[in-house]
Amino acid sequence: MKQTVADLLSVLVDRPLREGESEYLVNRAREINYLNSIALHQPFGIVGVSGETGIGKTTVLNFVNPEGVFTVRVNISLRDSMESILYDLLHSLALSLEKVEGVSDLAKEVRKWITDEVSTIKGFSLGVSFGVNASLTHEKSIRPRFNFFKAREKLGELIKQTVQRKGKFLLIIDELDKEKKEDVLRVIDSIKNFIIMEDFVVILSLPFSIYREYAADRLRWNEAGNLENIFTDIVFVEPLKKLEIKELIIKRLGSYIELIEDGVLDIVADFSDGNPRDGLWILTKAIYDNIHKELLSKEDLINTINRTISEYTGLTLNLTENQKKAIRVLRGSVYSREKIIETLQKEGFKRTTAYSVMDQLLQKRILLVEKEGYRISGKFSYMEI
């Protein structure tokens with residue numbers, strides 16, 4: 001049976017790489033090696049991993065596996081509040097430790113406690129919602145509250161016993177980057193005194209906004225911020241370069257690369273702005289738009305980009321004519337701030353208007369700030385404006 005571009009979909013699924021798939025890794029050795037070294041040599045502490053959504057934080061965490069260190073991985077999936085983060089963490093950790101010799105009895109006890117605690121609260125809430133408790137006295141109908149203080153103590157006990165039995169202990173917590181910044185900081189700050197202990201290291205994913213604040217604090221001379229009192233360090237997962245995005249996709253495609261016209265991956269790499277998820281997303285959309293074709297062409301991909309970005313800009317960005325003109329003028333090159341203003345003035349913009357349009361494009365994330373300077377997002381490089 002003749003192959004079509006539909007065959008590409010099975011190898012382009014957007015998912016984190018797992019240990020054992022190292023042949024697909026691209027330029028993440030620095031972060032992985034650094035985190036492995038921390039887990040091996042840092043006596044204790046809390047280390048964050050941050051970066052934009054889809055940049056590869058989970059992939060990096062999946063490859064942190066320091067030799068000789070007892071390692072447990074948990075995902076946080078309950079995101080209602082600061083309390084829900086703690087009881088999800090406690091339940092997930094206890095469940096992971098139930099089969100560990102010397103820790104299993106305590107782990108089972110802790111999991112039963114947290115399950116009963118949450119069930120009581122949720123059950124009461126449902127009862128009140130359905131009117132079941134309407135006849136309760138005021139004293140009995142006071143809503144039970146989650147015992148945050150006892151939960152912290154039990155978390156500390158569980159970690160302490162695991163360290164005593166297993167030695168150096170690394171806990172990797174993923175999915176926290178999807179939580180609210182304020183909830184994440186509050187819960188970590190509130191439990192830090194119960195988890196800072198010799199031979200215990202925590203590595204966790206964090207919202208990008210926390211890293212921005214942490215980096216600013218670190219660079220202020222003699223003016224340390226609160227985040228330095230919480231985190232030993234925060235590792236930033238850098239965006240990939242265009243060639244690295246291409247390499248990543250080529251590795252996944254394997255022999256299927258013959259179903260893609262030369263030059264398609266250059267456009268995908270431009271569009272991605274360093275984020276592999278964005279590159280995989282637009283390539284997948286183009287495949288679905290051309291599902292029965294035997295070859296995906298550059299024209300096919302550009303048509304998909306135009307249709308998608310036009311739809312999105314119409315719904316959310318509402319570009320003005322000045323903004324559209326600035327995008328047309330500036331795309332394709334990297335500029336300093338002064339050069340942008342100069343270039344726009346040459347195209348008929350008044351100086352005050354040029355500054356205003358520049359700030360508007362920055363706010364809309366159409367104009368990006370990078371180490372080299374300012375540039376129009378690759379998502380607008382091929383769009384008909």
Side-chain angles (χ1 to χ4, degrees), residues 12-18 21 24-28 30-32 34-35 47-64 73-80 84-85 88-89 172-185 187-188 203-216 227 231 233-242 244-246 248-249 252 268-285 305 308-309 311-313 315-317 361-371 375-380:
L12 293 177
V13 175
D14 178 21
R15 65 169 179 81
L17 297 178
R18 297 182 288 264
E21 297 178 315
Y24 298 113
L25 269 177
V26 174
N27 194 27
R28 292 300 181 218
R30 180 188 65 82
E31 294 95 334
I32 294 168
Y34 183 73
L35 291 170
V47 179
V49 176
S50 189
E52 293 184 8
T53 300
I55 208 70
K57 296 185 295 296
T58 297
T59 289
V60 168
L61 291 176
N62 285 346
F63 281 83
V64 176
R73 303 169 191 273
V74 299
N75 291 333
I76 302 298
S77 58
L78 297 174
R79 299 168 187 147
D80 296 332
S84 68
I85 294 173
D88 192 358
L89 170 59
I172 298 175
I173 307 173
D174 199 8
E175 301 294 326
L176 269 177
D177 55 310
K178 297 179 176 63
E179 309 291 342
K180 294 177 182 176
K181 168 191 169 183
E182 295 76 14
D183 287 343
V184 172
L185 289 179
V187 74
I188 295 174
I203 297 177
L204 41 79
S205 59
L206 292 173
F208 186 36
S209 55
I210 292 179
Y211 172 77
R212 283 199 300 264
E213 184 177 332
Y214 173 84
L227 295 183
F231 300 105
D233 198 1
I234 298 181
V235 176
F236 179 60
V237 181
E238 296 271 0
L240 295 176
K241 297 179 174 62
K242 290 180 183 179
E244 292 167 343
I245 293 287
K246 286 180 64 177
L248 181 150
I249 297 175
R252 293 197 179 202
V268 171
D270 282 339
F271 182 92
S272 70
D273 290 327
N275 191 315
R277 176 171 293 171
D278 287 355
L280 291 170
W281 173 70
I282 198 62
L283 184 54
T284 299
K285 286 183 75 70
I305 290 174
T308 303
I309 300 302
E311 175 188 337
Y312 284 23
T313 54
L315 288 173
T316 60
L317 294 179
L361 295 181
L362 283 168
Q363 290 173 10
K364 292 176 183 289
R365 293 277 298 161
I366 295 173
L367 184 62
L368 305 180
V369 186
E370 298 180 338
K371 292 178 181 178
R375 70 172 179 85
I376 294 295
S377 163
K379 294 171 178 56
F380 294 85

Practice item. Could you walk me through whether Tyr214 and Asp233 pass the side chain to side chain contact (heavy atoms under 4.5 Å, CB included) test, one step at a time? Key: CA-CA 9 Å; Tyr214 173 84; Asp233 198 1; 3.5 Å; yes
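- Atom CG of Asp88 and atom CG of Leu176 lie 9.0 Å apart (nearest 0.5 Å).
- Ala269 and Lys242 make their closest contact through CB-O, 3.6 Å (heavy atoms, listed as atom of the first residue, atom of the second, distance).
- Comment: Glu238 does not engage Arg30 in a salt bridge, judged by the lack of any side-chain N to carboxylate O separation of less than 4.0 angstrom.
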Practice item. For the pair Leu89 and Val187, evaluate side chain to side chain contact (heavy atoms under 4.5 Å, CB included) and give the outcome as yes or no after the intermediate values. Key: CA-CA 11 Å; Leu89 170 59; Val187 74; over 6 Å; no
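- Shown here for Gly48 and Leu206, the closest heavy-atom pair between the two residues is CA-CD1, 3.6 Å.
- Distance check: Phe271 CZ to Ile282 CD1 gives 4.0 Å after rounding to the nearest 0.5 Å.
- Contact of the Trp281 side chain with the Asp14 side chain is not registered, since no non-hydrogen atoms from C-beta on lie closer than 4.5 Å.
- Salt bridge status for Glu52 with Arg365: present, with a side-chain N to carboxylate O gap under 4.0 Å.
- Remark: side-chain polar atoms of Ser205 are paired, donor with acceptor, to backbone N or O of Glu175 under 3.5 angstrom.
- Considering all non-hydrogen atoms of both residues, Phe380 and Ile376 come closest at CB-CG2, 3.9 Å.
- Using a 4.5 Å heavy-atom threshold, the side chains of Arg252 and Leu280 count as touching.
- Judged purely by atom type and a 3.5 angstrom limit, Arg73 uses its side chain to pair as donor or acceptor with the backbone of Leu61.
- Ile172 CD1 to Ile203 CD1: the interatomic distance, rounded to the nearest 0.5 Å, is 5.5 Å.
- With a 6.0 Å radius and a threshold of 12 heavy atoms from other residues, nucleotides or ligands, Tyr34 has its OH atom at or below the threshold.
- Arg212 CZ: more than 12 foreign heavy atoms inside a 6.0 Å radius.
- Rounding to the nearest 0.5 angstrom, the gap separating the CZ atom in Arg28 from the OG1 atom in Thr59 is 8.5 Å.
- Closest heavy-atom contact between Gly279 and Ser272: N-CB, 3.7 Å.
- Contact of the Lys246 side chain with the Leu240 side chain is not registered, since no non-hydrogen atoms from C-beta on lie closer than 4.5 Å.
- The line from OG of Ser50 to CG of Leu204 is 10.5 Å long, rounded to the nearest 0.5 Å.
- Of the possible donor and acceptor atoms, one in the side chain of Asp273 sits under 3.5 Å from a partner among the backbone N and O of Gly378.
- A 4.5 Å side-chain heavy-atom check between Val60 and Val235 finds every atom pair outside the cut-off.
- With a 4.5 Å cut-off on side-chain heavy atoms, Lys379 and Ile305 do not count as touching.
- Nearest approach of Lys57 to Gly51, heavy atoms of both residues: NZ-O, 3.1 Å.
- Two residues are said to be in side-chain contact when any heavy atoms from C-beta on lie closer than 4.5 Å; Phe63 and Leu17 meet this criterion.
- Rounded to the nearest 0.5 Å, atoms CG (Leu12) and CD1 (Ile249) are 7.0 Å apart.
- Between Tyr211 and Phe236, the ring planes are parallel. Angles under 30° get that label, and only those over 60° would be called perpendicular.
- Between Leu185 and Phe231 there is a side-chain heavy-atom pair separated by less than 4.5 Å.
- Side-chain contact between Ile245 and Pro276 is present, with at least one heavy-atom pair separated by less than 4.5 Å.
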